[in-house]
Enquirer: 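I am attaching a structure below and will ask some questions about it afterwards.
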Amino acid sequence: MAQKIHRESLKKAKRIVVKAGSKVLVESSGRPDKQQLKQLVDELAALRNGGGEVAFVSSGAVGAGLDALGMKTRPKAMPDLQMAAAVGQIRLMSVYDELFSQNKCRIGQVLLTHDALKHRERHLNARNTLLNLIEHGIVPIINENDTISTEEIKFGDNDVLAALVAILIDADALVLLSTTDGLRDAGNERVSYIEEVDDEILALVSDKQDKLSTGGMASKLKSAQIAAQNGIPVVIANGRKTGALTRIFEGEDEGTLLFPKEGNISKRKRWIAFFNRVEGHVVVDDGAAEAMIKGKSLLPVGIKAVEGSFKVGAMVDVQSREGEHIARGLVEYSSDEIEILKGQKTAGKAGEVIHHDNMVIL
Ligand SMILES: Nc1ncnc2c1ncn2[C@@H]1O[C@H](COP(=O)(O)OP(=O)(O)O)[C@@H](O)[C@H]1O
Ligand SMILES: N[C@@H](CCC(=O)OP(=O)(O)O)C(=O)O
């Protein structure tokens, strides 16, 4: 019954982020699949022209570039991948411009890096640009800025990028379009509805790397978990199935739905938890863990060890001595300073290593 209510609620979704993976958009050679692209763009445009606020995260740049450059296998070297992305992105965008125009829809290109969303000012600039485009009825077509992305600033893949964009613009729903009808169980049956991404669900994943895509089902579930933790329902569905996207927003049983549990965290705490990269770890004793869960700041006396090298303001993962995740937060001291302070009794605010306002218990 819960699923039916949640499916019904998707009919009211206005602001939606749709992500399409490479294999939804290009042929096995990497060539843009124009017939498939037309089918998808027609559905996206219909949602937009029907009053929806649509943001579209499109993979496929590397694939389209490999095809244009006659590269039969996916290069390993970052500069070659970046070259392929540079060539492929413009190929895709020219097809999108033609197809969206046929639907009387305007588009804009927004290329992001994780770094751009990590820094508060750039984070807000990206948010304002995306919202301005949407409010002017323009469909932003978003991809990672592959030509400048390095390991340090990459999202990892567009599934995570799509979840972060959904959080950034307060989307009502996120759809991850792939080449499968949704998550499949051990009997290869479509899983229609999941309440959370737990170990049992993750055990169903059997990803195989291939030339075109990088995400896999594991990254879709990670993306879905990030979005759901921020109150955003997620559907993983088949982007090559005509009408699948439309049926999702007609409340029909399409793909795999993950519906968020109650309780959203604040925008600032979202930014702390999801837009920052973990730069180190702090191991705390049971007393400190209990205090943090009760909403207290982390004091040096409860710190048993610090791992990694980081500066003031970095985001760190707080773990118990058994390695259990307790919280994430922005530190008031560098790793060197914490190494000196750990275990010491300090008085008042002076010694707070993570202030409770800069801490998220997930
Ligand atoms: N339990 C599962 N259910 C469905 N698909 C799965 C599962 N485990 C692994 N996969 C793989 O995940 C793939 C989708 O991820 P991927 O190939 O990266 O697509 P995309 O290009 O959309 O990111 C499916 O085609 C399938 O091969
Ligand atoms: N920025 C890359 C996206 C890589 C990626 O996440 O691809 P996929 O796993 O197919 O969604 C590209 O456009 O090729």
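One-based numbering, in listed order, for ligands and for the atoms of each.
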Enquirer: Any nitrogen or oxygen of Asp159 lying under 3.5 Å from a nitrogen or oxygen in ligand 2? Just yes or no.
Expert: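 No, there is no polar N/O contact under 3.5 Å.
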Enquirer: Hey, which atoms in ligand 1 end up nearer than 4.0 Å to a heavy atom of Thr179?
Expert: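 Those of ligand 1 that fall under 4.0 Å from Thr179 are 25 (O).
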Enquirer: Please classify the Leu161 to ligand 2 contact at 4.0 Å (heavy-atom distances, strictly less than): side chain, backbone, both or neither.
Expert: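 Answer for Leu161: neither.
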Enquirer: Using every non-hydrogen atom in the two residues, find where Asp159 and Asp157 come nearest and quote the distance to one decimal.
Expert: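 That would be N-OD1, 2.7 Å.
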Enquirer: Would you mind listing which atoms of ligand 1 come within a distance below 4.0 Å of any non-hydrogen atom of Ser22?
Expert: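 Counting atoms of ligand 1 from 1, those under 4.0 Å from Ser22 are 21 (O).
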Enquirer: Please determine if Ser22 has a nitrogen or oxygen closer than 3.5 Å to a nitrogen or oxygen of ligand 2.
Expert: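 It does: an N or O of Ser22 is found under 3.5 Å from an N or O of ligand 2.
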Enquirer: Can you classify the ring geometry of Tyr96 versus Phe56 as parallel (below 30°), tilted (30 to 60°) or perpendicular (above 60°)?
Expert: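 Tyr96 vs Phe56 ring planes: perpendicular.
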Enquirer: To which of Asp146, Asn158, Val24, Thr179 does the heavy atom nearest atom 1 (N) of ligand 2 belong?
Expert: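 Checking each option, the heavy atom nearest atom 1 (N) of ligand 2 is found in Asp146.
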Enquirer: Does Thr179 offer a backbone N or O that forms a donor-acceptor pair with the side chain of Arg240 under 3.5 Å?
Expert: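 Between the backbone of Thr179 and the side chain of Arg240 there is no qualifying donor-acceptor contact (under 3.5 Å).
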Enquirer: Salt bridge or not between Arg7 and Asp253? Use side-chain N to carboxylate O under 4.0 Å.
Expert: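 Asp253 and Arg7: salt-bridged.
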Enquirer: Out of all atoms in ligand 1, which are within 4.0 Å of some heavy atom of Leu177? Include the element for each.
Expert: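 Once the distances to Leu177 are compared, the set is 22 (O).
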Enquirer: Closer than 3.5 angstrom, by distance alone: can the side chain of Asn158 be matched with the main-chain N or O of Lys19 as a donor-acceptor pair?
Expert: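 Not confirmed, Asn158 side chain does not pair with Lys19 backbone.
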Enquirer: According to a 4.5 Å side-chain heavy-atom criterion applied to Ile, Leu, Val, Met, Phe, Trp and Tyr, with indirect links allowed, do Leu99 and Leu177 form part of one hydrophobic cluster?
Expert: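 Cluster IDs for Leu99 and Leu177 match.
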Enquirer: Could you list the atoms of ligand 1 found under 4.0 angstrom from a heavy atom of Leu183?
Expert: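 Reading through ligand 1 atom by atom, the close ones are 1 (N), 2 (C), 3 (N).
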Enquirer: Enumerate the atoms of ligand 1 whose separation from the nearest heavy atom of Lys23 is less than 4.0 angstrom.
Expert: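 Reading through ligand 1 atom by atom, the close ones are 17 (O), 21 (O).
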Enquirer: With clusters defined by side-chain heavy atoms of hydrophobic residues (ILVMFWY) lying less than 4.5 Å apart, directly or transitively, does Ile167 cluster with Leu131?
Expert: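 They do share one cluster, since a chain of ILVMFWY contacts under 4.5 Å joins Leu131 to Ile167.
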Enquirer: So, does Asp97 use its side chain to make a donor-acceptor pair with the main chain of Met93 at under 3.5 Å?
Expert: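 No.
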Enquirer: Looking only at distances, please establish whether an N/O atom of ligand 1 is found under 3.5 Å from an N/O atom of Gly216.
Expert: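 Yes - when backbone and side-chain N and O of Gly216 are compared with those of ligand 1, one distance drops under 3.5 Å.
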Enquirer: Output the distance between atom CG (Leu204) and atom CG (Asp185), rounded to the nearest 0.5 Å.
Expert: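 If we round to the nearest 0.5 Å, Leu204:CG and Asp185:CG are 6.5 Å apart.
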Enquirer: Any ion pair linking Asp115 and Arg277 (charged N to carboxylate O, less than 4.0 Å)?
Expert: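 Between Asp115 and Arg277 there is no salt bridge, as every charged N stays at least 4.0 Å from the carboxylate O atoms.
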Enquirer: Judged by atom type as modelled, is there a donor-acceptor pair below 3.5 Å linking the side chain of Asn230 to the main-chain atoms of Ile226?
Expert: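 Yes, because the side chain of Asn230 sits within donor-acceptor range (under 3.5 Å) of the backbone of Ile226.
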Enquirer: Answer yes or no: does an N/O atom from Gly63 fall short of 3.5 Å to an N/O atom of ligand 2?
Expert: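 Between Gly63 and ligand 2 (N or O atoms, distance only) the closest approach is not under 3.5 Å.
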Enquirer: Would you say Gly21 and ligand 2 have an N/O pair spaced under 3.5 Å apart?
Expert: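 There is no such contact.
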Enquirer: Please say whether more than 12 non-hydrogen atoms of neighbouring residues, nucleotides or ligands are located less than 6.0 Å from CD in Glu135.
Expert: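 Enclosed.
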Enquirer: With a 4.0 Å cut-off on N to O distance, would you call Lys241 and Glu252 a salt bridge?
Expert: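 No, Lys241 and Glu252 are not salt-bridged.
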Enquirer: With atom 19 (O) of ligand 1 as the reference point, say which of Gly21, Ala186, Ser178 has the nearest heavy atom.
Expert: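 Considering heavy atoms of Gly21, Ala186, Ser178, the nearest to atom 19 (O) of ligand 1 sits in Ser178.
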Enquirer: Touching ligand 1 at all, Leu176? Heavy atoms, strictly under 4.0 Å?
Expert: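 Leu176: no contact with ligand 1 (<4.0 Å).
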Enquirer: Indicate, as side chain, backbone, both or neither, the part of Asp185 found under 4.0 angstrom from ligand 1 when only non-hydrogen atoms are considered.
Expert: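 Looking at Asp185 and ligand 1, no heavy atom falls under 4.0 Å.
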Enquirer: Is the closest basic N to carboxylate O distance between Glu250 and Arg247 below 4.0 Å?
Expert: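 The answer is no: the pair does not qualify as a salt bridge.
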Enquirer: Which bit of Asp207 is near ligand 1, meaning a heavy atom under 4.0 Å away: side chain, backbone, both or neither?
Expert: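 Under 4.0 Å from ligand 1, Asp207 contributes backbone and side-chain atoms.
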Enquirer: Report, in ascending order of atom number, the atoms of ligand 2 lying under 4.0 Å from any heavy atom of Asp157.
Expert: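 That gives atoms 6 (O) of ligand 2.
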Enquirer: Should Ser219 be listed as contacting ligand 1, given a heavy-atom distance under 4.0 Å as the test?
Expert: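 It does not; every heavy atom stays at 4.0 Å or beyond.
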Enquirer: Mind checking whether Lys19 contacts ligand 2 via backbone (N, CA, C, O), side chain (CB onward), both or neither, at a 4.0 Å heavy-atom cut-off?
Expert: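 Only the side chain of Lys19 comes within reach of ligand 2.
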Enquirer: Which part of Lys19 is near ligand 1, with near meaning a heavy atom under 4.0 Å away: side chain, backbone, both or neither?
Expert: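 Only the side chain of Lys19 comes within reach of ligand 1.
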Enquirer: Under 3.5 Å between some N or O of ligand 1 and some N or O of Lys208?
Expert: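 It does not: no N or O of Lys208 is found under 3.5 Å from an N or O of ligand 1.
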Enquirer: Please identify which atoms of ligand 1 are closer than 4.0 Å to at least one heavy atom of Arg184.
Expert: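 Listed by number with element: 1 (N), 2 (C), 3 (N), 4 (C).
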Enquirer: Which pair of non-hydrogen atoms, one from Pro75 and one from Leu66, has the smallest distance, and what is that distance?
Expert: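 Minimum heavy-atom separation between Pro75 and Leu66: CD-CD2, 3.4 Å.
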Enquirer: Gly182 heavy atoms, cut-off 4.0 Å: which ligand 1 atoms fall inside?
Expert: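 Those of ligand 1 that fall under 4.0 Å from Gly182 are 3 (N), 4 (C).
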Enquirer: Is Ala85 near ligand 2, meaning one of its heavy atoms is under 4.0 Å from it?
Expert: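 So Ala85 does not count as touching ligand 2.
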Enquirer: Side chain or backbone, does Ala20 bring an N or O within less than 3.5 Å of an N or O on ligand 2?
Expert: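 No: no nitrogen or oxygen of Ala20 is under 3.5 Å from one in ligand 2.
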